[in-house]
2 protein chains.
Amino acid sequence: MSDQTTCRRDARPRRLILAGAHRQPGYCLTCGIRAQSVCSVIDDDDIARLAETAVETLVLPGRTFIEEGAAATDFYNITSGSVKLFKALPDGRRQITGFATTGHFLGLAVSDQYAFGAEAIDTVRLCRFSRPRMRQLMDDFPRLERRLLAEASNELVAAQNQMLLLGRKTARERVASFLLERMREAQDPAEDVPLPMTRSDMADYLGLTIETVSRTLSWMRTERLVAIGKGHTVRIVAMERLQTLAAGDAA
Amino acid sequence: MSDQTTCRRDARPRRLILAGAHRQPGYCLTCGIRAQSVCSVIDDDDIARLAETAVETLVLPGRTFIEEGAAATDFYNITSGSVKLFKALPDGRRQITGFATTGHFLGLAVSDQYAFGAEAIDTVRLCRFSRPRMRQLMDDFPRLERRLLAEASNELVAAQNQMLLLGRKTARERVASFLLERMREAQDPAEDVPLPMTRSDMADYLGLTIETVSRTLSWMRTERLVAIGKGHTVRIVAMERLQTLAAGDAA
DNA sequence: AAAAGGCATTGATTCAGATCAATTCAGCCC
DNA sequence: GGGCTGAATTGATCTGAATCAATGCCTTTT
């Protein structure tokens, strides 16, 4: 990983702030630089000590910055951009287990190996710090630990939903669920859903093939459920019917 | 839920102990009764206050004690027995998202609704306490919060493995993975794997049908990978080959 | 011991989605 | 604009697991 820069420590904030999901601007916990969004404010005397070991890293699109099975030495907080998390089988079959965006933490694990890989979708900025440091941070800031627990809980709920999808839903139900999930994730409240990922990523996330994803989207178009826009965008036309489909209410 | 009894508060321990995975005998955090296994010791002055609202509940086999979508009012710690966690679709399709045994916590959620249901497999004893109380406990005992985070992290890893299984593995690979997982879970180090759950549970856990599970086990028997014993037990005969199969190395 | 009920196994057939195989489309770079 | 390249769509065919359908096999009851 050659494309990393040291933290800009000149911009010292008065208060320590966690990058997070609540979408307020603020300063990164680990390096003190201004982040796109933060969620949690921590009163702080020890900011100088905290900023000591922080490193900001820039990751280019397509780059795998966490290798599945590698030694889990670092902890990451995404300050901008989005990444895909995945697991793979020896013969190349791949399962994307989730997407992570601004504010998410990566590398939370009890094991000493990363259980999944992580690859940048677009250009990603993240703060990286060592595991011993993370432990120390959690000792010093209980709110951080609480926040990690909340994030883990949410991810667990998402994972359970995904297990239901992968184990029991049909291709149509999977794609419908995916579109609605993407809509919820999008910052714009509109029904124009951005799909920045490739069909291949969608397929690997939904446990399908690219052909089935493509066919299913085409079917949704002819059924007037969605309209497929330019530039990786899908507009939801019949929200009700799509929700019914995603919930598995009727075939 | 009529089959619950109040906590036996007469057995006051000197120290507060968390029921957990490390398999040492000790006292339950919430009610102070002796539990089959505990993992974490917490020095304690406030034991009387802590035991105040604790309730021990006995759950009979087959009983659903957490209803998916119901108001998430309580938090549970299993002190003995094993339960299955599941999600369901309106038409009855079901996905078992995991099994929980002695020491596991249930009900961890940011949302105010349970994201999954929980049903007792055998007779289950558990300690139940309210969410506000749980919050208070976490405030008072940071080690509890740390333990919950560790448990959530482990579950997240397990969930990611299961997503790979459900999204990308074949029926044979799924059953092989399941047998090895059960072997790891079992307390006996032997290669005799106990399968207390029904074929239907296995199928709903692996995203298959009971017929496919049955056929796959029969195939494994004829291939001399396993020997099917009496009373819901399977003996692993060819460990190496089973591991290769589970890892998805060769078809 | 016979009857009954609930799993589990095995067989026959179907089908949703995978695989194999062309096109078609959208950027991009001269 | 005219190739060039990788992604997306569409079509034809195949197949692994689901579905439909009998038995078989324990456990409980009488």
Side-chain angles (χ1 to χ4, degrees), chain A residues 61-62 84 89 91-96 121-122 165-179 193-223 226-234 245 248 250-251, chain B residues 61-62 84 89 91-95 121-122 165-179 194-223 226-234 245 248 250-251:
Chain A
K84 54 190 176 199
L89 292 171
D91 64 0
R93 280 174 288 173
R94 205 177 60 137
Q95 179 65 39
I96 292 181
I121 294 177
D122 43 23
L165 180 146
L166 292 170
R168 290 303 183 210
K169 286 189 181 177
T170 66
R172 288 170 182 181
E173 290 164 354
R174 290 180 202 207
V175 174
S177 301
F178 179 72
L179 292 177
V193 182
L195 300 177
M197 64 285 293
T198 64
R199 291 281 182 274
S200 179
D201 283 346
M202 286 178 59
D204 283 345
Y205 183 58
L206 298 174
L208 300 170
T209 59
I210 51 173
E211 292 95 331
T212 299
V213 170
S214 185
R215 270 186 251 276
T216 305
L217 281 171
S218 297
W219 173 83
M220 286 180 172
R221 182 165 38 74
T222 64
E223 289 287 316
V226 302
I228 291 165
K230 286 277 167 190
H232 283 264
T233 288
V234 168
L245 181 58
Chain B
K84 53 191 175 199
L89 292 171
D91 64 1
R93 280 174 288 172
R94 205 177 60 137
Q95 180 65 39
I121 294 177
D122 43 23
L165 181 147
L166 292 169
R168 290 302 182 211
K169 286 188 181 177
T170 66
R172 287 170 184 182
E173 290 165 353
R174 290 181 202 206
V175 173
S177 301
F178 179 72
L179 292 178
L195 300 177
M197 65 285 293
T198 63
R199 291 282 181 274
S200 178
D201 284 346
M202 286 179 59
D204 283 346
Y205 182 59
L206 298 175
L208 301 170
T209 60
I210 50 173
E211 293 95 331
T212 299
V213 170
S214 185
R215 271 186 250 276
T216 304
L217 281 171
S218 296
W219 173 82
M220 286 180 172
R221 183 166 36 75
T222 64
E223 289 287 315
V226 303
I228 292 166
K230 286 278 168 190
H232 283 266
T233 289
V234 169
L245 181 58

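Throughout, protein chains are lettered first and strands after them, A, B, ... in sequence-line order, and every chain is numbered starting at 1. Side chains are part of it too, since the values below use all heavy atoms of this structure and drop only hydrogens, waters and symmetry mates. Remember, predicted model here, so these are calculated numbers, not experimental data.
- Nucleotide D/dT9 holds its P atom 7 Å from the CG atom of A/Leu217, rounded to whole Å.
- Atom CG of A/Asp204 is separated from atom P of D/dA7 by 13 Å (rounded to the nearest Å).
- To the nearest angstrom, C1' of C/dT19 lies 11 Å from CD1 of A/Ile210.
- Rounding to the nearest 0.5 angstrom, the gap separating the NZ atom in A/Lys169 from the CD atom in B/Gln95 is 11.5 Å.
- The CE-P distance, from B/Met220 to C/dT9, rounds to 13 Å in whole Å.
- At D/dA7, none of the side-chain N or O atoms of A/His232 fall inside 4.0 Å of OP1 or OP2 (strictly under the cut-off).
- Atom-to-atom, CH2 of A/Trp219 to P of C/dA16 comes out at 12 Å; the value is rounded to the nearest Å.
- Counting only heavy atoms from C-beta outward, the side chains of A/Leu245 and A/Val175 never approach each other to under 4.5 Å.
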Protein-nucleotides 23-28 of chain C N/O pairs under 3.5 Å:
unit_1 : atom_1 : unit_2   : atom_2 : d
C/dA26 : OP1    : A/Lys230 : NZ     : 2.9

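- The interatomic distance linking B/Leu206 (CG) with D/dA18 (P) rounds to 11 Å, in whole Å.
- Residue order along DNA chain D, read from the 5' end via each residue's closest nucleotide, puts A/Glu211 first among A/Arg168 and A/Glu211.
- Using a 4.5 Å heavy-atom cutoff, the side chains of A/Met202 and A/Ile96 are not in contact.
- Counting only heavy atoms from C-beta outward, the side chains of B/Phe178 and B/Leu165 never approach each other to under 4.5 Å.
- Here the P atom of nucleotide C/dT19 and the CG atom of A/Asp91 are 10 Å apart, to the nearest Å.
- A donor-acceptor contact shorter than 3.5 Å is absent between the side chain of B/Arg168 and the backbone of A/Arg93.
- Between the B/Arg199 side chain and the B/Glu211 main chain, no donor and acceptor come within less than 3.5 Å of each other.
- For B/Arg172 (side chain) and B/Leu217 (main-chain N/O), no donor-acceptor pair under 3.5 Å exists by modelled atom type.
- With a 4.5 Å cut-off on side-chain heavy atoms, B/Met220 and B/Leu179 count as touching.
- When rounded to the nearest whole Å, the span between CD1 of A/Ile228 and P of D/dT9 equals 6 Å.
- No hydrogens or angles were tested; on distance alone, a donor-acceptor pair under 3.5 Å links the side chain of B/Arg215 to the base of D/dT19.
- The side-chain heavy atoms of B/Asp201 and B/Arg94, taken from C-beta on, include a pair separated by under 4.5 Å.
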Tabulated below should be each protein N or O lying under 3.5 Å from an N or O of nucleotides 13-17 of chain D; please produce it.
unit_1 : atom_1 : unit_2   : atom_2 : d
D/dA17 : OP1    : B/Ala171 : N      : 2.8

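- Here B/Ser218 lies in heavy-atom contact (under 4.0 Å) with sugar-phosphate atoms only.
- Taking 4.0 angstrom as the limit, B/Arg221 places a side-chain polar atom (N or O) nearer than this to OP1 or OP2 of C/dT10.
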